[in-house]
Amino acid sequence: MLHEEIIVKGRGIMGEFTKVSEIFGENVFNDTVMQERLPKKVYQKLKKTIEEGSDLDLATADVIAHEMKEWAIEKGATHYTHWFLPLTGVTAEKHDSFISAPLPSGKVLMSFSGKELIKGEPDASSFPSGGLRATFEARGYTVWDCTSPAFVRQDAAGATLCIPTAFCSYTGEALDQKTPLLRSMEAINKQSLRLLRLFGNTTSKKVTPSVGPEQEYFLVDADKFLKRPDLIFAGRTLFGAMPPKGQELDDHYFGTIRQKIAAYMKQVNTELWKMGVSAKTQHNEVAPAQHELAPIYSEVNVAVDHNQIVMQTLKRVACQHGMKCLLHEKPFAGVNGSGKHNNWSITTDDGINLLDPGKTPHENIQFLLVLTCILKAVDKHADLLRESAADPGNDHRLGANEAPPAIISIFLGEQLEDVLDQLISTGSATHSLKGSKLSTGVSTLTDINKDATDRNRTSPFAFTGNKFEFRMVGSRDSIAQPNIVLNTIVAEAFKEACDVLEAADNFEEAVHDLIKQYATDHQRIVFNGNGYSDEWVAEAERRGLPNIRSMVEAIPALTTEKSVKLFTDFNVFTEAELKARAEIQFEAYAKAINIEAKTMIQMASKQLIPAIIKYATSLADSVNTVKAAGANASVQAGLLEKVSDLLVQSQKALDNLTAITNEAASQDEGQKQAVFYHDVVVPAMNELRAPIDELEMIVDKEVWPYPSYADLLFEV
């Protein structure tokens with residue numbers, strides 16, 4: 001027996017080690033735990049609810065709640081919380097202990113009822129609602145989502161039973177990310193089954209989107225973080241000159257992981273594995289101090305919850321290691337930002353991946369229909385897909401060297417593009433390009449099989465073998481919204497295809513005609529070239545593809561007539577919910593930029609400009625001293641003149657930003673105010689940053705009040 005198999009947990013030269021299979025999911029109320037602890041009939045009822053959506057009666061819920069409580073208490077839990085995803089961008093929770101009213105003896109019982117499991121009642125007016133809830137209308141409900149397992153989180157508060165829930169208003173509107181996500185999953189399941197039945201599949205009972213979201217992040221020293229108000233308040237550096245070395249040597253990417261970071265990653269992995277998160281891949285990313293964690297695929301609802309757990313764990317564990325985890329999309333200008341590649345596929349309950357082309361894609365008619373339906377969906381709703389990845393941080397990232405452009409296009413690769421070209425030109429495809437052998441020219445290295453297609457990292461929506469990788473999503477965002485959009489737009493395309501095919505007299509002819517039609521009508525969305533090039537921007541405009549450069553420009557896509565019809569037809573959003581979400585997005589943008597502008601004003605006025613004045617004064621004294629000694633003071637005088645000129649520019653820009661930020665606050669809230677922040681305040685912020693960043697390269701480091709980029713990126 002191998003040493004790893006013998007030892008479950010122990011200590012070695014490098015510290016504590018753990019056998020993953022022994023701890024994975026130990027803090028999750030998963031299927032194994034439910035089978036062990038629940039009566040057979042109760043377990044079967046719960047499984048039916050999870051798999052078929054049937055109602056769960058209160059008596060059954062009482063039994064589940066009792067066993068869940070007993071299990072959690074064994075894990076050390078004293079409290080439970082309904083854990084939900086409001087429209088704040090982060091999770092929310094209110095903790096209640098398991099204790100009930102004291103007994104006459106002075107003791108207490110530990111209780112947890114089915115009613116408490118199923119329903120909670122947070123204040124709905126205290127979360128973003130876009131006008132759906134007024135301040136005086138406070139009632140809202142959290143509702144247990146039994147499709148996402150409850151888990152025990154262990155932290156400084158002890159152990160807490162976390163119950164994933166949906167969150168809706170008293171009047172029934174969704175106030176969260178989970179409710180519309182679950183609705184979109186039902187939509188794509190229904191339409192996918194229709195499509196499968198047309199191809200003779202009578203065994204698959206459920207189709208579920210699966211997602212594997214990669215997570216990029218930065219780690220910086222906690223003490224240095226606390227000396228940067230911009231990192232504290234805005235999550236990104238609002239000032240900062242580039243150090244002599246950035247990422248230009250490409251030596252950080254996949255480089256050896258430093259021991260301090262490795263210890264951090266080890267603890268992150270262990271905690272995630274205990275909570276059932278299948279953290280698999282870890283590595284250094286392109287920028288200094290940047291890293292990535294990627295899990296194995298899971299059903300989209302669970303993947304959304306798991307990604308929130310990942311982000312929370314990354315931040316919490318960093319503090320325990322004397323670091324801070326930055327999840328902002330662009331914490332440092334001049335180096336790579338962080339994204340979250342959303343790897344999306346559709347899989348049946350019996351293991352069929354609808355996006356698997358097989359060895360001969362040209363003969364796989366079902367796959368070709370699915371593929372061309374997705375082409376149609378993305379082409380028709382490119383604006384919605386772009387909006388789903390819109391946030392203030394992504395405005396700094398999209399279109400830069402590490403991120404896809406703001407133009408939505410699809411990369412298919414040479415093999416599938418060739419198949420579609422055959423369909424478009426001749427009406428049928430007769431062959432598929434094959435992969436070849438890769439010979440290294442080294443006799444001791446085995447020749448390997450090459451894929452039929454290379455990858456394209458400049459594409460925002462790329463087919464990567466048996467899935468689509470949506471690369472636009474921001475690193476701190478929930479992946480719920482992009483998957484809501486993907487599920488719904490593909491459900492619509494499947495529905496429209498099924499409507500045609502179910503009415504056809506000759507299915508074989510109809511499906512071939514439809515595949516050719518979709519491939520022809522939507523070939524403009526396919527682009528396999530360099531998405532970073534200026535030529536592509538011009539070509540995309542010629543093709544009529546939207547180039548939505550900012551969050552403010554993207555938000556209106558939510559409330560177009562096309563979008564309202566899409567989401568209401570599939571019961572994913574009501575028109576009121578869409579308008580509310582648009583309003584929330586505009587407000588979120590305005591508030592984020594307002595915080596950044598005020599932070600810049602405070603940093604510049606209270607510390608930066610006084611420090612520059614202090615340095616200029618010392619230069620002036622030096623000039624006078626040297627002149628008094630009869631020596632040449634031209635160097636000092638020239639430096640003083642340059643510093644003084646930049647100081648004047650800085651003060652002028654500061655005064656301008658202050659006035660403009662005050663003016664922004666007086667704008668009507670909503671779209672008008674958000675546009676003002678984007679068009680007027682952001683340029684004014686850039687005008688203030690430019691001279692101060694230049695001054696950072698001149699002023700004595702001992703005088704400069706904040707840690708530099710070099711301090712933050714290279715001294716973790």
Side-chain angles (χ1 to χ4, degrees), residues 87 89 130 174 177 179-188 191 209 211 300 304 339-340 342 344 346 373-391 394-395 398 404-410 459-462 468-474 477-496 518 521-522 524-526 540 543-586 588-589 671 674:
L87 300 175
Q177 300 278 23
T179 304
L181 178 68
L182 294 171
R183 294 171 182 170
S184 73
M185 292 173 67
E186 291 185 3
I188 196 170
Q191 302 306 323
V211 172
V300 63
V304 167
K340 182 154 30 196
N342 188 87
W344 180 88
I346 335 170
C373 281
I374 292 173
L375 295 185
K376 175 183 176 180
V378 174
D379 188 18
K380 183 177 178 180
H381 296 290
D383 57 342
L384 267 180
L385 204 53
R386 169 67 180 87
E387 194 284 328
S388 74
D391 72 29
N394 245 359
D395 282 2
L398 293 181
I407 305 165
I408 296 286
S409 64
I410 294 179
S459 175
F461 199 73
F468 275 101
E469 182 181 28
F470 184 39
R471 296 171 54 88
M472 272 190 173
V473 186
D477 287 346
S478 166
I479 59 169
Q481 186 60 20
N483 287 295
I484 291 167
V485 171
L486 277 171
N487 294 346
T488 311
I489 65 177
V490 173
E492 180 191 56
F494 284 178
K495 177 185 182 301
E496 291 172 352
Y518 286 174
D521 292 350
H522 302 286
R524 70 172 187 167
I525 200 71
V526 178
R543 294 187 186 189
L545 299 177
N547 186 0
I548 303 172
R549 294 175 174 84
S550 71
M551 177 180 178
V552 170
E553 295 172 79
I555 296 168
L558 284 171
T559 53
T560 63
E561 184 178 342
K562 170 172 65 80
S563 296
V564 171
K565 184 178 188 308
L566 167 76
F567 287 120
T568 55
D569 281 354
F570 289 94
N571 192 37
V572 174
F573 289 116
T574 64
E575 184 172 1
E577 288 170 341
L578 287 169
K579 289 179 177 178
R581 275 166 165 71
E583 190 69 20
I584 291 167
Q585 290 277 68
F586 283 127
Y589 181 87
Q671 184 172 6

Taking every non-hydrogen atom, the tightest pair across Ala674 and Val552
O-CG2, 3.8 Å

Given the rule in the side chain to side chain contact (heavy atoms under 4.5 Å, CB included) test, do Ile408 and Phe470 qualify, once you have shown the distances and angles that lead to the verdict?
CA-CA 10 Å; Ile408 296 286; Phe470 184 39; 4.1 Å; yes

Count the heavy atoms belonging to other residues, nucleotides or ligands that lie under 6.0 Å from CD of Glu496, then report whether that count exceeds 12.
yes

Interatomic distance, CG@Leu375 vs CG@Asp521, rounded to 0.5 Å, equals 11.0 Å

Are the side chains of Phe570 and Ser184 in contact, using a 4.5 Å heavy-atom criterion?
no

Walk me through whether Val564 and Glu561 qualify under side chain to side chain contact (heavy atoms under 4.5 Å, CB included).
CA-CA 5 Å; Val564 171; Glu561 184 178 342; 5.9 Å; no

Give a yes or no answer on whether the side chain of Asn487 reaches the backbone of Asn483 with a donor-acceptor pair at less than 3.5 Å.
yes

Non-neighbouring partners of Glu387 that pass side chain to side chain donor-acceptor pair (under 3.5 Å), sequence neighbours left out:
Gln585

Donor-acceptor check, side chain of Arg183 to backbone of Val572, threshold 3.5 angstrom: yes or no?
yes

Would you say that Val526 contacts Ser409 through its side chain, given a criterion of any heavy-atom pair below 4.5 Å between the two side chains?
no

Inter-residue atom distance Leu181.CG - Gln481.CD, 0.5 Å rounding:
9.5 Å

Who are the side chain to side chain donor-acceptor pair (under 3.5 Å) partners of Asp477, not counting sequence neighbours?
none

Can you tell me how far apart CD1 (Ile555) and CD (Glu583) are? Round to the nearest 0.5 Å.
9.5 Å

Gap between atom CG of Leu486 and atom CD1 of Ile479 - 0.5 Å precision:
10.5 Å

By side chain to side chain donor-acceptor pair (under 3.5 Å) - contacts of Gln671 (at least two apart)
none

Closest heavy-atom pair and its distance - Arg581, Pro180
NH2-CG, 3.7 Å

For Asn394 against Val473, the heavy-atom pair lying closest together:
ND2-C, 4.0 Å

Could you pull out the closest heavy-atom pair between Leu384 and Ala557, with the gap in Å?
CD2-O, 3.7 Å

Between Val300 and Met185, does the side chain to side chain contact (heavy atoms under 4.5 Å, CB included) criterion hold? Intermediate values first, please.
CA-CA 8 Å; Val300 63; Met185 292 173 67; 3.5 Å; yes

How would you list, by chain and number, every residue that makes a ring-ring contact (aromatic ring centres under 6.0 Å, His included) with Phe573, sequence neighbours excluded?
Phe567

Can you tell me how far apart CH2 (Trp344) and CZ (Phe468) are? Round to the nearest 0.5 Å.
8.0 Å

Who are the side chain to side chain donor-acceptor pair (under 3.5 Å) partners of Thr560, not counting sequence neighbours?
Ser563

Do the side-chain N and O atoms of Lys562 and His381 include a donor-acceptor pair separated by under 3.5 angstrom?
yes

How far does CD1 of Ile188 sit from CD1 of Ile346, to the nearest 0.5 angstrom?
4.5 Å

What is the minimum heavy-atom distance between Asp395 and Arg386, and which atoms define it?
OD1-NH2, 4.3 Å

Hey, mind stepping through Lys376 and Glu492 against salt bridge (Lys or Arg N to Asp or Glu O under 4.0 Å) and telling me if it holds?
CA-CA 10 Å; Lys376 175 183 176 180; Glu492 180 191 56; over 6 Å; no

Please collect all salt bridge (charged side-chain N to carboxylate O under 4.0 Å, His left out) contacts where either partner lies in residues 547-556, sequence neighbours excluded, each pair once.
none

Stepwise side chain to side chain contact (heavy atoms under 4.5 Å, CB included) test for Met472 and Phe461
CA-CA 8 Å; Met472 272 190 173; Phe461 199 73; over 6 Å; no

If you take all heavy atoms of Met551 and Asp391, which pair is closest and at what distance?
SD-CA, 3.3 Å

